[in-house]
Amino acid sequence: MHIINKKSTTKAWAGANAQPAKEFPSTQLPTISGKIPDGLRGTFYRNGPGRLERGGIEIGHWFDGDGAILAINFTDAVATGVYRYVQTSGYQEEAAAGKLLYGNYGMTAPGPIWNQWQKPIKNAANTSVLALPDKLLALWEGGKPHALDLQTLETLGEDDLGGLTKGSNYSAHCKRDKQTGEIFNFGISPAQNATLNIYKSDSTGRIIQQVAYPLDGVPFVHDFVLAGQYLVFFIPPVRLNILPLLIGINNYSDSLKWEPKLGTQILVIDRETLSVVSRGETEPWFQWHFANGYVDDSGSVIVDVARYENFETNQYLKEVPTGKTHTPAKSTLTRVYLHPQTGKVTSIQQLLNGHCEFPSVPQQNVGQASRYTYMSTSRSGTDISQEILNAIARFDRNTETFTEADFGENRYPSEPIHAQSTQNPEQSWVLTVVYDGNSHRSEVWVFDSDRLDAEPVCKLGLPSVIPHGFHGTWNPA
């Protein structure tokens, strides 16, 4: 933890994180260019760390910032936006005190050592969102989700989804099968040896089935794959050294160790019974995010992943709140072929050479073969050790073509979110929140999904700057 030094802010992207985000109430958004497409009806939600300091003290890691949610609602008449912090109990306590009180992923609780035992960790509610029929969940993998009002974003409180017990965690990367309405997720409960909890929910989010499996040590698992009838976990060779954490002398992030000799462990689960189909092991790599998975005609599981060669990405993300990064951490879109009955990887193939993150497929294709994969990427010539992601792209697996939207100098789009037309199933758009470092403003850009390399069909202005964030979703009307 250190006092903020604004002189270190040199790159244009850092302007978005330089000040805590300013909330705004429901506001009609001005159209900067183009017009809102007729079939684009629903709400675009985004989550991310809105506040990276309090009382002049900076947080320890980008993952520690308090979650703030942006909602953009598209109706026949207009687009309206609302932006609010998730009112977690830790956020409210720190706001009242005017200073940081809690530890988190990348920091121990400030002050005397006993603070580290009394206030070890705050639910930051800052990673992703899940839109359910009657509520929006703000997701964070170290605790329970927070429920919010779908329209106003008023925080309703922590939600146990009818099945989360004390100490259960619910990860930020659930998978929803659009055909069945089922929602799958997991959570890891740390101990000397961790427990992997797997959850199946109905379309309302209510947990209807759960199982627990013991793991060796405490691995770091951020995401998993729904592929046809399987749930697949790739457990990277990162392990938590739990003792310094328990006695309060170190934080989670700095207690995680890269141990490539362990390889990547594979766990294949049957989605119906949640029983283990197979376990396997393959070469070491690290991933935050999977694009998708499916079962091909031969019965092989195909998984697309944003693959890192090591865990240096964690150091890079630790540097982001300072406004100055220097650690190169490149991730490439990679395809893994897996035999589900044996857990054996039969082939690993790099699909693209460029740096990519936040890969995803259209919601209706999750768990099935998808022609298109969307992702965040870097413009040609970008020094990825110095910059954050500054372009978005689509990969067409039928033609093996890569189409990129270039935002120009000093503009930084968020993760691309695919939105299907409510009028025409053949039509869809890609939405992203853009920080313009040239004018220190945030905007929402809407692209025709088939013409990412053309001008956006619509640009909307936002009342305040939205700091760089993580994940969002599209909830159709």
Side-chain angles (χ1 to χ4, degrees), residues 34 37 39-40 178 225 227-228 285 287-298 300-309 330-338 347-382 384 387-409 411-421 424-434 445-459 471-472 474:
L40 186 65
K178 282 298 248 196
V225 180
W285 76 74
Q287 81 278 324
W288 296 111
H289 304 119
F290 297 96
N292 194 30
Y294 65 97
V295 179
D296 73 5
D297 293 340
S298 74
S300 282
V301 168
I302 315 289
V303 173
D304 290 351
V305 57
R307 169 182 162 139
Y308 293 89
E309 293 306 315
K330 183 180 176 182
S331 151
T332 53
L333 189 66
T334 301
R335 178 158 288 178
V336 179
Y337 296 79
L338 172 73
S347 169
I348 299 175
Q349 170 195 356
Q350 187 175 300
L351 296 179
L352 296 167
N353 183 43
H355 179 45
C356 88
E357 250 303 349
F358 304 133
S360 66
V361 299
Q363 287 181 15
Q364 69 271 19
N365 296 343
V366 170
Q368 304 177 19
S370 178
R371 177 173 177 180
Y372 299 117
T373 301
Y374 297 89
M375 68 201 80
S376 296
T377 182
S378 294
R379 301 172 71 209
S380 176
T382 298
I384 64 166
E387 289 279 359
I388 65 167
L389 296 152
N390 56 12
I392 61 174
R394 181 175 88 169
F395 178 63
D396 180 338
R397 76 185 188 104
N398 287 11
T399 60
E400 298 202 337
T401 50
F402 182 73
T403 308
E404 186 178 305
D406 187 334
F407 291 76
E409 286 292 327
R411 288 197 191 94
Y412 302 90
S414 67
E415 165 202 55
I417 298 290
H418 180 270
Q420 189 115 13
S421 170
N424 171 10
E426 300 303 305
Q427 172 77 61
S428 62
W429 295 277
V430 173
L431 292 86
T432 181
V433 178
V434 180
W445 288 22
V446 180
F447 290 88
D448 182 324
S449 64
D450 283 328
R451 302 181 64 214
L452 269 190
D453 50 356
E455 274 295 299
V457 295
C458 180
K459 292 184 191 176
H471 302 288
W474 172 252

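Owing to the predicted nature of the structure, the values given are computational and were not obtained by experimental measurement.
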Would you compute the distance between atom [atom1] of [X] and atom [atom2] of [Y] and round it to the nearest 0.5 angstrom?
X: Asp406; Y: Ile392; atom1: CG; atom2: CD1; answer: 11.0 Å
X: Ile417; Y: Glu415; atom1: CD1; atom2: CD; answer: 4.0 Å
X: Asn398; Y: Ser370; atom1: CG; atom2: OG; answer: 9.5 Å

- [ ] Decide yes or no on side chain to side chain contact (heavy atoms under 4.5 Å, CB included) for Asp304 and Asn292, but give the supporting numbers first.
- [x] CA-CA 6 Å; Asp304 290 351; Asn292 194 30; 5.6 Å; no
TODO: Report the residue from Val430, Thr432, Thr377, Leu389 that forms a side chain to side chain contact (heavy atoms under 4.5 Å, CB included) with Pro413.
DONE: Thr432
TODO: Check Glu357, Arg307, Met375 against Leu333 for a side chain to side chain contact (heavy atoms under 4.5 Å, CB included) and give me the one that passes.
DONE: Met375
Side chains of [X] and [Y]: closer than 4.5 Å at any heavy-atom pair?
X: Arg371; Y: Asp396; result: yes
X: Leu40; Y: Leu431; result: yes
X: Ile384; Y: Lys330; result: yes
X: Tyr337; Y: Ile302; result: yes
X: Ser449; Y: Tyr372; result: no

Task: All ring pair (Phe, Tyr, Trp, His ring centres under 6.0 Å) counterparts of His471, not counting sequence neighbours - done: His173, His289, Phe358
Task: Partner residues of Phe447 under the ring pair (Phe, Tyr, Trp, His ring centres under 6.0 Å) criterion, sequence neighbours left out - done: Phe407
Open item on the list: Can you confirm whether Gln350 is buried at CD, in the sense that more than 12 heavy atoms of other residues, nucleotides or ligands lie under 6.0 Å from that atom?
Closed with: yes
TODO: Could you tell me whether Glu400 atom CD has more than 12 heavy atoms of other residues or ligands within 6.0 Å of it?
DONE: no
TODO: Under the side chain to side chain contact (heavy atoms under 4.5 Å, CB included) rule, what do Lys178 and Val366 come out as? Steps first, then yes or no, please.
DONE: CA-CA 8 Å; Lys178 282 298 248 196; Val366 170; over 6 Å; no
Task: Under the side chain to side chain donor-acceptor pair (under 3.5 Å) test, residues paired with Asn424 that sit two or more places apart - done: none
TODO: Let me see the working for Phe402 and Leu351 under side chain to side chain contact (heavy atoms under 4.5 Å, CB included), right down to the final yes or no.
DONE: CA-CA 10 Å; Phe402 182 73; Leu351 296 179; over 6 Å; no
TODO: Can you sort out the partners of Gln287 under side chain to side chain contact (heavy atoms under 4.5 Å, CB included), two or more places apart, ordered by chain and number?
DONE: Phe234, Pro236, Trp285, Phe290, Val305
- [ ] List in chain and number order the residues that pass side chain to side chain contact (heavy atoms under 4.5 Å, CB included) with Asn390, two or more places apart in sequence or in another chain; answer none if no residue qualifies.
- [x] Ser378, Arg379, Thr382, Tyr412
TODO: Name all pairs fulfilling the salt bridge (charged side-chain N to carboxylate O under 4.0 Å, His left out) condition that reach into residues 447-457, sequence neighbours left out, sorted by first residue then second.
DONE: Arg394-Asp450
- [ ] Just do the side chain to side chain contact (heavy atoms under 4.5 Å, CB included) check on Ser331 and His355 with the steps written out, would you?
- [x] CA-CA 5 Å; Ser331 151; His355 179 45; 4.1 Å; yes
